[in-house]
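Have a look at the structure below, then the notes.
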Amino acid sequence: MPTNFWPSAAELHRFMPEIILTLFGTAIMVLEPLTRAKKMLAWLAALALALAIGFALFAMNFPGTAFSGMIVADGFATFFRVLVCGVGLLTILLSLDYLDRENHQQGEYYALLLFSIVGQCVMASANELIMVFIGIEISSIASYVLAGYLRDDPRNNESAIKYFLLGSFATAFLLYGIAWIYGLTGTTNLSEIRAVLGNANFAQSPALVGLAAALLSVGFAFKVSAAPFQMWAPDVYQGAPAPVTAFMTAGPKAAAFAVFLRVFVTAFEPVSDRWVPLVGVVALATMVVGNLAALRQSNIKRLLAYSSIANAGYVLVAVAAHSEVGTQAVMFYLASYAIMNVGAFAVVSHFARKGERFVAIDDFSGLAERQPAMAALLAIFLLSLIGVPLTAGFFGKFYIFRAALDSHLVWLTVAGLLNSAIAAFYYLRILVVMYMHAPGEAAERLEPLSPTLNATIWAAALATLAFGVFPGPLLDLAGRWVLGR
Amino acid sequence: MDLPLPLPIQAVPLSAYLVLSAVLFSLGICGFLFRRNLITIFMSIELMLNAVNLSFVAFSYQMKQVDGQIYSFFVMVVAAAEAAVGLAIILTVFKNRETLEVDDVDRLKL
Amino acid sequence: MSVILFGVFALIAVACAVNLVLQRHPVTSALSLIGVMGSLAVLYLLLGAEFIAAVQVIVYAGAIMVLFLFVIMLLNAGAEEKIPGKSLTAKLLGLPVFLIFLGVVAFLIQKYSSANAPVEFGAFTGGGPREVGRALFTTYLLPFEVTSVLILIAILGAVVLAKKEID
Amino acid sequence: MQESQQLWLIPIFPLLGFLLNGTLGKRMPKAFINAAAVGSVVLSFLWVVKVLAALGSLEAPHIERYFTWFAAGTFSVGVDFAVDRLTSVMLLVVTGIGSLIHIYAVGYMAHEDGYYRFFAYLNLFMFFMLVLVLGANFLILFIGWEGVGLCSYLLIGFYFLENFATDAGKKAFIVNRVGDFGFSLAMFLIVIHFGTLDFGTVFGKAAAMTPETSAGVITAICLLLLVGATGKSAQVPLYVWLPDAMAGPTPVSALIHAATMVTAGVYMVARSSSLFNLAPIAMETVAIVGLLTAFFAATMGLAQNDIKKVFAYSTVSQLGYMFVGLGVGAYSAGMFHVVTHAFFKALLFLGAGSVIHACHHEQDMRHMGGLRKKIPLTFWTLCCAWVAIAGIPPFSGFHSKDAILLAAHAHAPWMYWVGVVTAGMTAFYVSRAMFMTFFGEYRGHAHPHESPFVMTLPLIVLAILSLGGGQIHIPDWLAPVLGEEHAAHETSLVVISVVAGALGIALAYFMYVVSPGLPDALANRFKTLHTLIYNKYFVDEVYDVSIVTPIAQGSRDLLWKGVDAGFIDGIVNGAGSLARGIGGGLRYLQAGNIRGYATWVAAGAVFLVVAMTVMGGIR
Amino acid sequence: MLLNAVLFLPLIGFLIALILPTDLVKRFALGFSLLMFVVSLGLIGPVLANPGVYSFETDVEWINSPMIRYHIGIDGLSLWLVILTTFLTPLAVLISWNYIDRRIKEYYAFLILLAFGMIGVFVSLDLFVYYVFWEVGLVPMYFLIGIWGHERRIYAAVKFFLYTMVGSVLMLAAIVYLYLKSGTFDYTVILSQMASGQLKLTPEEALPLFLAFFFAFAIKVPLFPLHTWLPDAHVEAPTAGSVMLASVMLKMGTYGLVRYCLPLFPSAARECAPWIAALAIIGIVYGALVALVQPNMKKLVAYSSVSHLGFVVLGIFSFNQVALDGAVYQMLNHGISTGALFMLVGMMYERRHSLEIADYGGVANPAPNLSIVFLITTLASVGLPTLNNFVGEFLVLQGAAMANFGWAVFAALGVILSACYMLWLYQRVFYGRASEDLAHHMPDLNLREWVAITPLVVLMVWMGVAAQGFLSPVTVSNARTLEQTKVNVDFRVATPRTPAPEVARAD
């Protein structure tokens with residue numbers, strides 16, 4: 001047993017992003033009753049995220065584990081830390097207008113957001129099942145509250161209660177799985193678990209390891225909204241405030257994938273024959289369910305929710321590829337998906353107006369005629385979601401299916417590609433409505449975007465295009481920081 | 001403590017604790033699926049967490065390590081936090097809908 | 001002795017759990033859950049987890065469940081109405097899922113678990129406050145600190161969701 | 001190397017005429033149009049004369065190669081023109097008669113709308129016809145072949161306001177296309193087996209083949225060529241377009257549908273004679289097709305009342321004769337008949353045009369009669385054609401028809417007899433037309449008047465040619481190209497055919513001049529037969545019912561509505577609906593109920609637990 | 001480099017069009033597309049000088065992992081297709097001049113952007129880059145149909161998009177598979193690997209890969225029975241959309257067949273050739289028969305496209321020089337003549353606001369020039385010698401006859417039928433007596449329309465008479481393509497009747 005538990009400076013550096021975020025979160029909490037300039041708090045939160053990104057990158061100078069191996073600051077963690085902080089940043093920019101409009105401009109919101117991101121950063125860097133659990137819980141509980149943030153809105157309540165109950169339910173399974181893996185291996189440290197499982201003298205029944213892995217994967221599958229654990233997602237995403245939905249589809253989901261990959265690829269590598277094929281099956285089911293159900297949606301938030309399920313399916317295809325290329329693809333895809341999805345939600349959230357009145361797809365009628373720029377931006381995000389070349393979404397899909405083919409998952413690749421063709425149909429519907437229908441009431445009386453929102457959306461759109469034309473840097477980054485086996 | 005008792009089983013294997021844990025966990029699932037009061041459902045989750053805790057402690061015993069117990073300690077902390085937030089959410093739902101009937105919280109669908 | 005204790009408290013735990021599932025009234029369910037927790041505390045003791053047993057009673061059965069009861073009272077929640085539930089899926093799949101899950105897990109434990117050594121009271125005494133505290137502030141320092149964030153969120157969340165309108 | 005004769009100028013003149021009239025004609029005075037149209041053709045004629053004079057006896061073909069049209073790999077097609085004796089005959093006929101008819105048309109079309117358009121088309125026709133004749137390979141010939149078909153289409157449909165005209169034009173084009181289908185396939189086979197379409201090379205290589213290897217292929221090629229020829233030259237079973245083609249202005253009927261274009265098939269077969277000679281079965285087929293056509297067309301001609309229709313069936317019938325000539329190996333006789341037929345049939349049509357012109361566009365002979373005195377010049381010139389076509393010696397028709405009949409007898413006597421019967425019928429229906437038109441009392445309501453000089457001049461020239469054309473010894477001129485004739489000159493056979501002609505005239509005189517009530521009585525007496533003949537054996541109707549309607553109906557109901565909209569789009573849209581349906585179904589799982597969702601989570605957990613414990617062996 | 005300029009000018013034009021004030025866009029589009037055309041003319045000389053190799057090659061790294069190179073080049077096969085694209089774009093602008101009266105800016109921007117995707121398809125030499133352009137072309141066309149089309153435009157646009165998408169995703173899978181086998185997306189490298197035997201595809205691999213490519217192309221062509229998106233798309237598209245769709249976009253499919261399907265998977269292509277030829281022939285006859293009974297002009301022309309492109313596919317899968325040359329030539333011909341037909345139909349639509357044949361009749365009288373131009377186009381379309389289509393059709397049929405005489409027999413039926421439907425169309429629309437109403441609303445061609453249509457008519461004659469000038473580079477490229485189809489051929493497949501010779505196994 002090591003005697004000195006006081007963390008070294010390097011260890012603190014490895015955990016610095018979380019520390020920064022927590023400090024700022026707490027500060028915002030404290031400042032909230034003291035100031036009327038709530039937007040200042042938002043900018044403070046944004047600053048915190050920017051700093052966190054900086055520290056996350058800085059932590060790359062001190063790769064390694066910290067706090068008795070509880071967390072690890074490696075490239076993979078950094079990538080996702082930066083990603084979730086980035087998503088958080090975008091979310092804050094979206095939320096400014098939204099909360100103003102809903103008369104809920106409060107510091108708590110930003111504090112919760114920061115705390116949620118702390119949880120996601122912990123997930124990204126966790127090297128211990130207990131940290132995984134706590135990270136997930138931090139992220140989730142904050143999200144539960146955020147989903148129900150507008151507490152007088154029944155949709156928000158319902159979203160929150162559903163998310164909360166089902167989330168806790170799934171977490172119980174996850175926890176049960178942790179208990180089992182602890183019981184079988186005597187440890188919860190991921191690399192130690194791997195060492196134990198990989199040990200030739202490992203005496204425990206592989207079936208029980210399977211049981212543990214299955215229970216764990218229930219929790220993760222729920223968080224990434226894989227079929228058949230996806231059912232919460234549409235309801236929750238539809239009901240939650242639009243910026244929160246944007247956040248949830250991008251940030252927590254990315255973090256959940258990160259932790260999913262880390263746990264399974266690191267710890268359960270020795271029993272990969274038990275879970276890899278199943279990931280393929282689940283991926284297929286997820287894509288099919290998400291895409292087919294999305295075909296009939298009339299609410300754009302709900303549609304994007306189903307789309308996020310389907311997208312989770314694509315990512316799972318890359319996970320099923322079970323290779324470094326696959327992991328790289330996951331990373332690239334999640335990053336690009338986060339950008340385009342947040343962008344899409346930004347437009348949707350602005351368009352919805354107070355009380356999210358205009359969220360039916362038909363409300364977007366003729367947007368292109370009244371607000372061509374806004375329509376064009378949304379179109380870019382949608383085309384990217386379809387996977388049209390020269391957008392980030394295309395390369396995301398491309399890398400995923402390349403990884404799948406690389407692992408000889410021909411059937412899954414073909415099924416996935418066909419699914420992406422089906423998906424085109426419902427994204428096209430939005431384009432159809434925007435571009436090809438006569439302007440409706442909602443499009444007629446749309447005030448222009450505020451500068452921050454405008455900048456946010458433009459930035460997201462440019463990023464979508466930039467990664468669509470030059471995906472190299474991002475992919476290189478993902479390649480350099482990919483999770484080693 | 002080994003009193004000669006007229007019992008069919010002389011000692012309880014650890015697996016019995018695990019089975020008990022499984023039973024309680026399953027009953028928790030069962031409660032979630034069949035109870036219709038939001039609070040009861042939430043309590044079912046607590047039951048599941050308790051079941052998991054039992055497993056943790058049992059494994060801790062098996063390993064002769066304290067770590068399992070630490071985990072169950074964390075689970076309790078989390079459960080407490082969840083309880084605070086969960087009950088607050090239930091409160092808001094009740095305030096808006098005047099009901100705790102879970103089946104009535106189904107406006108977001110299809 | 002441990003056999004009897006286990007037998008009795010396991011039985012109580014299961015009975016209370018079944019009761020929790022069967023009762024319509026949330027208060028009854030809550031009381032049953034307290035029963036479960038209490039009996040589990042005894043089993044923790046049997047397993048040498050003194051500290052956890054104490055926390056189980058003080059924090060869990062005491063504080064958390066009191067919160068539950070408080071909310072039940074606050075909302076004046078009555079018994080569930082005797083109307084059929086709306087979820088066909090739960091009705092059709094619920095019981096089979098429950099039985100299969102239990103069956104499979106129990107079967108796996110019985111058949112494959114290596115944990116078949118008899119449990120003897122006092123065989124493991126590493127679960128005192130001293131050991132727990134040491135672990136908590138050395139190896140598990142980080143999670144311990146991080147849970148504080150969790151608590152913060154809980155406070156913040158409760159405040160956000162329950163506080164009065166600002167206007 | 002021969003000296004270049006600038007053969008390309010021959011077709012280029014009319015092409016220029018076409019371009020001038022086509023682009024500027026609308027805004028130009030008639031004089032300009034006339035000059036461009038007639039002038040170009042006359043120039044072309046003169047150039048032909050000049051070229052032929054320069055080339056002299058044409059012992060060997062004179063070939064001029066201009067440029068590669070297209071090439072693919074080793075296969076290439078050049079734009080090559082050639083003149084040999086066969087070509088020379090056709091060139092003279094085409095440009096000569098073409099010039100006459102152009103001149104005639106100046107008068108005939110004087111009051112029509114679209115005057116410039118008419119001459120543009122006519123010039124274009126001349127261009128293509130000359131290309132057809134001059135082409136030194138099958139594909140250049142095919143250009144002309146299709147081109148004349150196009151012009152025929154345009155000119156038949158000249159009165160495009162009228163449905164019957166445009167219908168007829170379309171029919172002509174499409175039926176010709178059926179023939180071209182055969183022609184094309186023949187060309188494909190030629191290229192496959194000879195690697196080129198150049199006449200000289202192909203014929204040379206074919207002759208060099210051993211009979212065993214050549215028989216099948218060359219027979220197939222020849223039969224396919226024959227299909228092409230039946231289309232263009234209106235043979236059974238593709239003759240149906242020609243009678244309808246009379247919807248065009250009469251000069252067109254004379255030029256295209258009597259003198260030149262329809263003989264293109266004959267020309268093509270004659271051109272390919274060295275192939276046909278290697279394929280006896282194909283030859284026999286040619287003869288039989290010709291004979292059938294000659295006979296049946298003649299019977300159909302018996303009962304027509306439209307003067308142009310009579311001559312149209314006559315044309316079909318006469319073309320049949322030519323084919324008989326080709327089929328029995330008397331190519332030069334066939335070509336001879338092409339020439340004489342060009343003279344007298346052009347004359348007949350132009351004369352008929354003159355009659356029609358006189359009667360203010362009345363074509364039904366029942367509304368004519370007694371025109372002999374009113375338009376005497378037309379009458380007398382037409383008489384020249386009459387005697388020529390009836391085979392009265394020593395006029396042109398007699399010589400050529402006789403040559404064919406004699407050759408047919410040498411080949412198979414029964415063919416001769418059918419030919420003789422046909423000759424009798426020919427004499428009869430032409431006479432009938434003459435009698436109905438020019439004799440008896442005028443039965444119409446117009447005020448017939450003689451045509452202007454521009455119209456009568458060509459009539460006179462053609463009349464002279466019809467009478468004396470037989471003296472031109474075309475078979476001798478052609479013999480080196482198309483092979484010698486072997487038929488012995490049997491006087492008895494000649495007499496029989498002449499008698500048949502005379503009988504036909506006599507019968508017609510008896511029926512239509514002596515006792516005019518007789519035809520109707522006979523028609524009533526043999527009602528079925530008359531109905532059959534009068535309605536042209538219902539061939540058009542049969543084609544309609546057996547081909548046109550099934551294709552149209554089948555395409556609409558089965559293919560379009562059935563396969564396309566029903567089946568394929570059914571699958572496509574069905575897949576869409578299925579996906580949406582499944583999506584709809586999935587939506588209903590998503591009932592909004594938390595317990596339901598939890599059930600799925602638990603069920604999923606059960607699935608994963610079972611799957612992961614079982615997968616990789618449950619141990 | 002010039003080719004880069006040709007390729008990227010449209011993109012630049014698109015961006016400029018987006019920021020220009022609306023009232024300038026129309027003139028800008030015309031001027032800019034003319035500029036594109038003029039610039040592209042510069043490609044001709046160098047390519048003609050050396051049509052068998054890729055001229056104007058640019059080969060720079062785009063993305064390094066996986067290695068994707070921006071590799072473009074142009075040879076005799078793609079030259080005319082590129083020129084065709086740039087040539088038709090200004091005409092498409094002209095033809096839209098008055099037709100498009102709303103959302104003008106977007107319209108012309110998309111029209112120019114369309115050229116970007118299409119040129120890119122024809123010049124890319126990297127499979128990945130190729131796929132990118134393939135998809136990029138889809139988007140502007142989707143909007144062109146969907147926004148400026150007729151009543152059922154949305155159905156048509158979505159159908160068009162999804163049909164193509166389904167095909168192309170499979171192609172993407174095949175491209176990625178090839179990459180994984182060969183380690184490169186570079187088409188030329190893959191070919192040289194195949195030639196050197198470094199890359200070998202087993203028949204079990206080659207066939208699915210071939211089919212994946214083929215399926216994508218067959219949808220685009222479109223080959224029977226995957227054609228049903230085409231009539232809808234054509235009928236609903238605005239005139240310029242139809243023109244670009246028929247003239248260039250469909251060629252993306254046939255071009256793909258020649259460029260990729262044959263050289264990459266020679267054995268599989270040969271193995272499937274009889275089946276594909278059968279489909280092509282069915283398409284020829286079927287398209288013609290269905291065209292015969294269409295009551296809508298655009299639909300008729302659309303089905304005629306199905307028929308015409310059947311010839312192209314037949315030529316491609318006849319595997320000989322004659323047929324392949326014919327097929328490529330026929331691509332261009334179809335682009336010219338069908339493009340012209342759509343333009344003319346569009347002009348009539350502008351006058352009468354109907355596409356139903358029954359609403360016309362007697363147009364020749366009020367609008368003689370229009371009817372003459374239409375007639376010439378019709379004749380080109382039915383394959384009259386001296387007009388362009390004849391050469392292509394003849395070569396295709398000739399080549400098909402060389403491959404299998406039976407194919408030619410059935411395919412030639414299409415030639416008969418084409419006369420039937422086109423002439424019948426012509427008769428019903430132009431002949432007869434015009435109703436009072438029609439006569440008043442059917443002015444003859446105006447100057448703008450003359451300018452738009454004349455180049456096409458000139459080309460019809462030019463390409464029909466001086467075919468060799470256009471064909472010679474194509475022939476050279478095709479000879480090379482055919483040479484490539486002999487590499488790595490499993491001879492068991494190529495010559496089924498002879499027992500497998502030992503020699504063939506040796507390579």
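Letters A, B, ... mirror the listed sequences (proteins, then strands); counts begin at 1.
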Tabulate below the donor-acceptor pairs under 3.5 Å that side-chain atoms of residues 163-177 of chain A make, not counting sequence neighbours, or state none.
from     : atom 1 : to       : atom 2 : distance (Å)
A:Ser168 : OG     : A:Phe164 : O      : 2.7
A:Thr171 : OG1    : A:Glu137 : OE2    : 3.4
A:Thr171 : OG1    : A:Gly167 : O      : 2.5

Chain A contacts, top residue of D:Gly596, D:Ala602, D:Gly585, D:Gly583 (heavy-atom pairs, under 4.5 Å):
D:Gly583

Top residue by heavy-atom pair count (under 4.5 Å) with chain D, among A:Leu295, A:Ile422, A:Val282?
A:Leu295

Under the ring-ring contact (aromatic ring centres under 6.0 Å, His included) test, residues paired with D:Tyr153 that sit two or more places apart:
D:Phe173

For chain A, which residues of residues 570-581 of chain D have at least one non-hydrogen atom nearer than 4.5 Å to it?
D:Ala579, D:Arg580, D:Gly581

Cationic tip of A:Arg302 above A:Tyr237 ring, under 6.0 Å, 45° of axis
no

A:Met231 to D:Tyr597 - nearest heavy-atom pair and separation
O-CE1, 3.4 Å

Check for me whether the distance between the ring centres of D:Trp600 and A:Phe229 falls short of 6.0 Å.
no

Bottom line for A:Tyr426: the part with an atom under 4.5 Å from chain D's heavy atoms is neither

With ring centroids as reference points, do D:Phe18 and D:Phe127 lie under 6.0 angstrom apart?
no

Listed by chain and number, what are the ring-ring contact (aromatic ring centres under 6.0 Å, His included) partners of D:Trp241, not counting sequence neighbours?
D:His257

